[in-house]
Visitor: 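Below is one structure. I have some questions about it.
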Amino acid sequence: MNSVIAPGRTVGTQPAQALPRRGGRFRRRVRNSWQLWILVLPAVVFFFVFKYVPMYGVQIAFKDFIASKGIWGSEWVGLEHFQRFFSSFYFWRLLRNTLGLSLYQLLLFPLPIILALSLNEVKNRFFKRFAQTLTYAPHFVSVVVVVGMMVAFLDPRIGIANHFLGLIGIDSIPFMQEAGWFRHLFVWSGVWQSLGWGTIIYLAALAGVNPELHQAAEVDGATRLQRIRHVNIPAILPTVVILFILDFGSFMSVGFEKVLLMSNSLNAETSDIIQTFVYKSGLLQGQYSYAAAVGLFDSVINILMIVGVNHLARRISDTSLW
Amino acid sequence: MSLPTRQNPAAKAPLDGSAILHRPVRRISDRRFDRVNIVFLIVVILVIGYPLWFVMIASISDPQAVDTGRVWLWPVDMTLDGYRRVFAESSIWIGYRNTIVYTLVGVAVHLAIVLPCSYALSRTQFVGRKLVTWYILFTMLFSGGLIPTYLLVKDLGMLDTLWAVILPGAAGAWAILVGRAFFTQTVPEELNESAKVDGASDFQVFFRIAIPLSAPIIATLALFHGVGLWNEYFNALIYLSDRDKYPLQLVLRELLVVSQDASQGGGDGDSAESLTEQLRLASLIKYAVMIVSSLPLLVIYPFLQRFFTQGVLIGSVKE
């Protein structure tokens with residue numbers, strides 16, 4: 001590479017010689033990798049059509065989309081849809097619900113770490129393997145079935161949960177229909193599904209901890225808990241930070257497919273989030289432009305979040321995504 | 001469940017540990033730690049395992065006994081009626097068939113896009129490598145969102161076809177990064193160079209050397225994408241309206257979720273009559289249908305666990 005750039009710098013003195021040489025070699029390298037270009041072609045076309053064309057289509061958020069005129073032909077309306085959304089009755093409710101769910105989920109971020117630390121201390125390989133396999137299982141159950149299980153278990157009349165509550169003398173609770181329960185059900189069913197799966201990365205990081213550190217700590221008289229605290233936790237901290245940032249990247253996108261399944265007219269007060277609103281106002285009511293504007297607002301906040309948290313992490317802990 | 005036997009190995013554990021580490025004295029506090037730790041894990045296992053266990057025993061119990069709360073630890077009045085009804089229900093069979101087709105075709109398309117691309121991006125002599133990598137990475141940061149994607153699929157005339165379910169999510173930056181990391185490691189530059197010296201073209205290196213070496217990455221990518229497609233309902237919900245094309249998850253959604261709340265949007269053609277009919281059916285077969293739909297994955301994954309673990313791990317190592 002150096003030999004290619006060097007003549008370029010001296011362009012002022014010998015342009016006639018430098019430029020053709022550079023061009024020729026570059027062209028040869030391009031020609032040599034044409035087969036590699038063919039190999040990336042399907043992906044390039046795919047990403048263009050299904051990722052970049054929709055990005056281009058985002059402009060309908062600033063237009064008044066009319067199907068017969070198409071994306072290109074519809075009229076510009078500027079920030080009208082955004083203004084309408086910000087001043088709408090739903091705005092604060094949607095924001096509160098979306099942020100509330102996200103924060104609640106973030107607070108439970110340490111749970112897989114705790115489970116991983118605990119699994120890592122198990123000496124019996126069969127028990128460890130059994131515990132891992134079993135706790136991974138819910139990850140493979142679809143959201144439809146998970147919500148279906150909640151509906152069945154939590155039914156006020158015939159659900160097992162309310163039968164249990166009845167045993168200790170508590171009146172049955174219509175969990176799925178009460179706004180106050182929605183957040184807990186959503187977040188804790190998520191914990192049930194992803195707790196075990198979330199340990200995989202941490203277990204790998206823990207397996208990489210130098211055993212000499214443990215032996216040294218032991219010689220110094222450290223107990224098991226002290227070794228976890230002073231050896232294992234510092235060792236996985238970089239992994240924790242990276243995953244934490246990544247979690248922020250999807251801060252606003254809180255498993256919307258599950259929210260949609262769980263939401264009903266009775267719990268709408270807490271289950272209405274920005275993305276279900278986009279779905280309902282856009283695809284069910286056909287207000288494409290308005291819904292696209294709301295969706296755009298959502299992704300802009302996401303980007304700001306991940307950039308901001310990454311910046312913060314770099315300053316505090318020297319670990320960051322970029 | 002077989003809990004008592006689980007504690008035996010735990011009691012033996014301190015011995016194993018001290019033997020390995022040549023530890024002369026084990027402190028009492030360490031032994032207490034082990035005991036507390038095992039108890040903690042057993043509680044976690046019970047809490048995570050119980051809902052699955054309950055679905056299993058409820059699916060083979062008399063619905064009456066389930067509804068009145070008599071079933072909680074063991075099956076009561078065992079019957080296979082639920083399963084019989086499930087197998088007699090044509091919508092479930094159609095859904096099953098559709099899901100299998102969508103999953104197989106979707107995985108094939110996924111691999112056809114991801115494998116060649118991630119191989120090419122792993123070659124340092126590829127001119128345009130940086131450019132293409134950024135072109136793909138950018139889609140991780142920003143996306144057009146639901147509405148523009150929907151309008152695109154509609155404009156392409158794919159509504160109500162298999163392609164609407166498969167194509168919009170057929171490839172992602174994550175899978176390509178995972179593949180690239182794999183090929184960088186498995187087909188090192190030197191191997192590539194020596195094949196080139198022998199007169200092989202990039203195509204030949206890819207098809208004759210890289211592909212035969214990539215069974216593990218094919219398995220990993222196929223499993224991740226396959227599980228995603230198997231469990232997916234949302235694309236089908238927004239793009240399909242012909243009931244004969246519904247995948248299993250969408251059929252399940254109507255049986256398990258929608259029937260309890262008629263006011264939920266999205267359901268089409270749910271007249272009051274068909275709703276009561278669905279309610280009645282759902283109460284009979286809901287647990288059996290949960291098992292029938294989830295069992296394939298739950299049975300398969302313990303044997304393929306290392307591929308899943310591998311996917312999570314390669315995917316987490318950036319750059």
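Each chain gets a letter, A, B and so on, in the order the sequences are listed, and its residues count up from 1.
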Visitor: Under a 4.5 Å cutoff for heavy-atom pairs, which residue among A:F65, A:F50, A:Y136 has the most contacts with chain B?
Guide: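 Looking at each of A:F65, A:F50, A:Y136 in turn, A:F50 comes out on top.
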Visitor: Under a 4.5 Å cut-off applied to non-hydrogen side-chain atoms, are A:V40 and B:Y119 in contact?
Guide: no
Visitor: Less than 4.5 Å to any heavy atom of chain A: does that hold for the side chain of B:F203, its backbone, both, or neither?
Guide: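 Both parts, backbone and side chain.
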Visitor: Please identify, among B:P51, B:S294, B:A120, the residue contributing the most non-hydrogen atom pairs under 4.5 Å to chain A.
Guide: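 Highest number of pairs under 4.5 Å: B:P51.
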Visitor: When only pairs under 4.5 Å are counted, which of B:R123, B:E232, B:M290 shares the most heavy-atom pairs with chain A?
Guide: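 The option with the most such pairs is B:M290.
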Visitor: Taking C-beta and beyond as the side chain, do A:F47 and B:V132 meet within less than 4.5 Å on heavy atoms?
Guide: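 Not in contact.
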Visitor: Are B:F54 and A:F153, when compared by the centres of their aromatic rings, separated by less than 6.0 Å?
Guide: yes
Visitor: Between A:L283 and B:I238, which heavy-atom pair has the shortest distance, and what is it?
Guide: CD1-CG2, 3.6 Å
Visitor: Where on A:L41 is there a heavy atom nearer than 4.5 Å to chain B: the side chain, the backbone, both, or neither?
Guide: neither
Visitor: Applying side-chain contact (heavy atoms from CB on, under 4.5 Å), run through B:R129 and A:L36 and close with a yes or a no.
Guide: CA-CA 10 Å; B:R129 182 175 181 248; A:L36 293 174; over 6 Å; no
Visitor: Could you tell me which portion of B:T68 (side chain, backbone, both or neither) has an atom closer than 4.5 angstrom to a non-hydrogen atom of chain A?
Guide: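 Just the backbone, heavy atoms under 4.5 Å.
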Visitor: Roughly how far apart are B:L248 CG and A:S142 OG, rounded to 0.5 Å?
Guide: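 Rounded to the nearest 0.5 Å, the CG-OG separation comes out at 8.0 Å.
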Visitor: With only heavy atoms counted, which part of A:V49 is less than 4.5 Å from chain B, the side chain, the backbone, both or neither?
Guide: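 Contact with chain B involves both backbone and side-chain atoms of A:V49.
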Visitor: Hey, mind stepping through B:R70 and A:H163 against side-chain contact (heavy atoms from CB on, under 4.5 Å) and telling me if it holds?
Guide: CA-CA 9 Å; B:R70 282 193 292 134; A:H163 286 308; over 6 Å; no
Visitor: Sort out for me which of B:F206, B:W72, B:W230, B:F33 touches chain A most, counting heavy-atom pairs under 4.5 Å.
Guide: B:F33
Visitor: Flag yes if more than 12 heavy atoms outside B:Q125 fall under 6.0 Å of its CD atom; otherwise flag no.
Guide: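 Yes, enclosed.
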Visitor: Pick one of side chain, backbone, both or neither for A:A268, based on which atoms fall under 4.5 Å of a heavy atom in chain B.
Guide: neither
Visitor: Measure across A:A152 and B:Y287 and return the closest heavy-atom pair with its distance rounded to 0.1 Å.
Guide: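 Between these two residues, the closest heavy atoms are CB-OH, 3.5 Å.
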Visitor: Is chain B contacted by the side chain of A:I60, its backbone, both, or neither, given a heavy-atom distance below 4.5 Å?
Guide: side chain
Visitor: Using non-hydrogen atoms only, which part of B:V205 is less than 4.5 Å away from chain A: side chain, backbone, both, or neither?
Guide: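 B:V205 has no heavy atom closer than 4.5 Å to chain A.
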Visitor: Does any heavy atom of chain B fall under 4.5 Å from the side chain of A:L167, the backbone, both, or neither of them?
Guide: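 For A:L167, there is no contact with chain B at all, as no heavy atom is under 4.5 Å.
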Visitor: Specify the closest pair of heavy atoms between A:A137 and B:L298, including all atoms of both residues, with the distance to one decimal.
Guide: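 Distance-wise, the nearest heavy atoms are O-CD2, 3.5 Å.
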Visitor: Could you check which of A:T223, A:L119, A:I160 has the highest count of heavy-atom pairs closer than 4.5 Å to chain B?
Guide: A:I160
Visitor: Which atoms form the tightest heavy-atom contact between A:A131 and B:I45, and what is the distance?
Guide: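 Looking at all heavy atoms of both residues, the shortest contact is CB-CD1, 3.7 Å.
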Visitor: Is it the side chain or the backbone of B:Q305 that comes within 4.5 Å of chain A heavy atoms, both, or neither?
Guide: side chain
Visitor: Indicate yes or no: at least one non-hydrogen side-chain atom of A:L39 is less than 4.5 angstrom from one of B:C117.
Guide: no
Visitor: Tell me, for B:L252 versus chain A, whether the close heavy atoms (under 4.5 Å) come from the side chain, the backbone, both or neither.
Guide: both
Visitor: Could you look at B:V66 and say if it's the side chain, the backbone, both or neither that has a heavy atom under 4.5 Å from chain A?
Guide: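 Interface part for B:V66: backbone (N, CA, C, O).
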Visitor: Give the table of side-chain donor-acceptor pairs shorter than 3.5 Å for residues 138-156 of chain B, with sequence neighbours excluded, one pair per line with atom names and distance.
Guide:
{"residue": "B:T139", "atom": "OG1", "partner": "B:I136", "partner atom": "O", "Å": "2.6"}
{"residue": "B:T149", "atom": "OG1", "partner": "B:G145", "partner atom": "O", "Å": "2.6"}

Visitor: Would you say A:V143 and B:F234 make side-chain contact, with heavy atoms under 4.5 Å?
Guide: no
Visitor: Non-hydrogen atoms of chain A under 4.5 Å away: do they reach the side chain of B:V289, the backbone, both or neither?
Guide: neither
Visitor: Report which part of A:V53 has an atom under 4.5 Å of a heavy atom belonging to chain B: side chain, backbone, both, or neither.
Guide: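 Answer is side chain: those atoms of A:V53 sit under 4.5 Å from chain B.
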Visitor: With heavy-atom distances below 4.5 Å as the criterion, would you say the side chains of B:Y233 and A:L260 are in contact?
Guide: yes
Visitor: Between chain B and each of A:V191, A:L195, A:T239, A:V141, count heavy-atom pairs under 4.5 Å; write down the option with the most.
Guide: A:V141
Visitor: Side chain, backbone, both or neither: which part of A:F46 has a heavy atom under 4.5 Å from chain B?
Guide: side chain
Visitor: Could you report the tightest heavy-atom contact between B:L256 and A:V144, atom names first, then the distance?
Guide: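 Scanning both residues, the minimum pair turns out to be CD1-O, 4.4 Å.
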Visitor: Under 4.5 Å heavy-atom distance to chain A, tell me which part of B:F40 shows up: side chain, backbone, both or neither.
Guide: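 Only the side chain of B:F40 comes within 4.5 Å of chain A.
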Visitor: Sort B:L167 into side chain, backbone, both or neither according to what part of it lies under 4.5 angstrom from a heavy atom of chain A.
Guide: both
Visitor: Could you go step by step and tell me if A:V122 and B:D34 meet the side-chain contact (heavy atoms from CB on, under 4.5 Å) rule?
Guide: CA-CA 8 Å; A:V122 175; B:D34 272 326; over 6 Å; no
Visitor: As an exercise, state the distance from CD of B:Q249 to CD of A:E257, rounded to the nearest 0.5 Å.
Guide: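 Rounded to the nearest 0.5 Å, the CD-CD separation comes out at 10.5 Å.
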Visitor: Could you check if a side-chain atom of B:F308 sits within less than 4.5 angstrom of a side-chain atom of A:I200, using non-hydrogen atoms only?
Guide: no
Visitor: For chain A, which candidate among B:I113, B:N37, B:L121 shows the most heavy-atom pairs at distances under 4.5 Å?
Guide: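 Maximum pair count with chain A is reached by B:N37.
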Visitor: Where does A:R125 contact chain B at under 4.5 Å (heavy atoms): side chain, backbone, both or neither?
Guide: neither
Visitor: Which one of A:P211, A:S33, A:G57 has the most heavy-atom pairs closer than 4.5 Å to chain B?
Guide: A:S33
Visitor: For B:L52 and A:W192, run side-chain contact (heavy atoms from CB on, under 4.5 Å): C-alpha distance rounded to whole Å, both residues' side-chain angles, the deciding distance at 0.1 Å, then the answer.
Guide: CA-CA 11 Å; B:L52 296 173; A:W192 179 75; 3.9 Å; yes
Visitor: Is A:I228 in contact with chain B via its backbone, its side chain, both, or neither, using a 4.5 Å heavy-atom distance?
Guide: side chain
Visitor: Identify which part of A:L203 has an atom lying under 4.5 Å from any heavy atom of chain B, answering side chain, backbone, both or neither.
Guide: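 Neither part, no heavy atoms under 4.5 Å.
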Visitor: Are B:D67 and A:R157 within salt-bridge range, i.e. N to O under 4.0 Å?
Guide: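 Salt bridge absent between B:D67 and A:R157.
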Visitor: Any idea which of A:V145, A:N162, A:T133 has the most non-hydrogen atom pairs under 4.5 angstrom with chain B?
Guide: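 Looking at each option in turn, the highest pair count goes to A:T133.
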Visitor: Where is the tightest heavy-atom contact between B:I176 and A:A43, given as atom of each residue plus distance?
Guide: CD1-CB, 4.4 Å
Visitor: Looking at B:G69, B:A173, B:A58, which has the largest count of heavy-atom pairs under 4.5 Å with chain A?
Guide: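 Answer, by heavy-atom pair count under 4.5 Å with chain A: B:G69.
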Visitor: Please classify the contact between B:A170 and chain A as side chain, backbone, both or neither, with a heavy-atom cut-off of under 4.5 Å.
Guide: both
Visitor: Taking B:Y135 for the side chain and A:V44 for the main chain, is one N or O donor matched with an acceptor at less than 3.5 Å?
Guide: yes
Visitor: Only pairs at least two apart or in different chains count here, so list each side-chain hydrogen bond (donor to acceptor under 3.5 Å, both in side chains) that has a residue in residues 35-57 of chain A.
Guide: A:Q35-B:S201
Visitor: Of all of B:G228, B:P168, B:G172, B:P302, which one pairs up most often with chain A through heavy atoms under 4.5 Å apart?
Guide: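 Option with the top pair count is B:P168.
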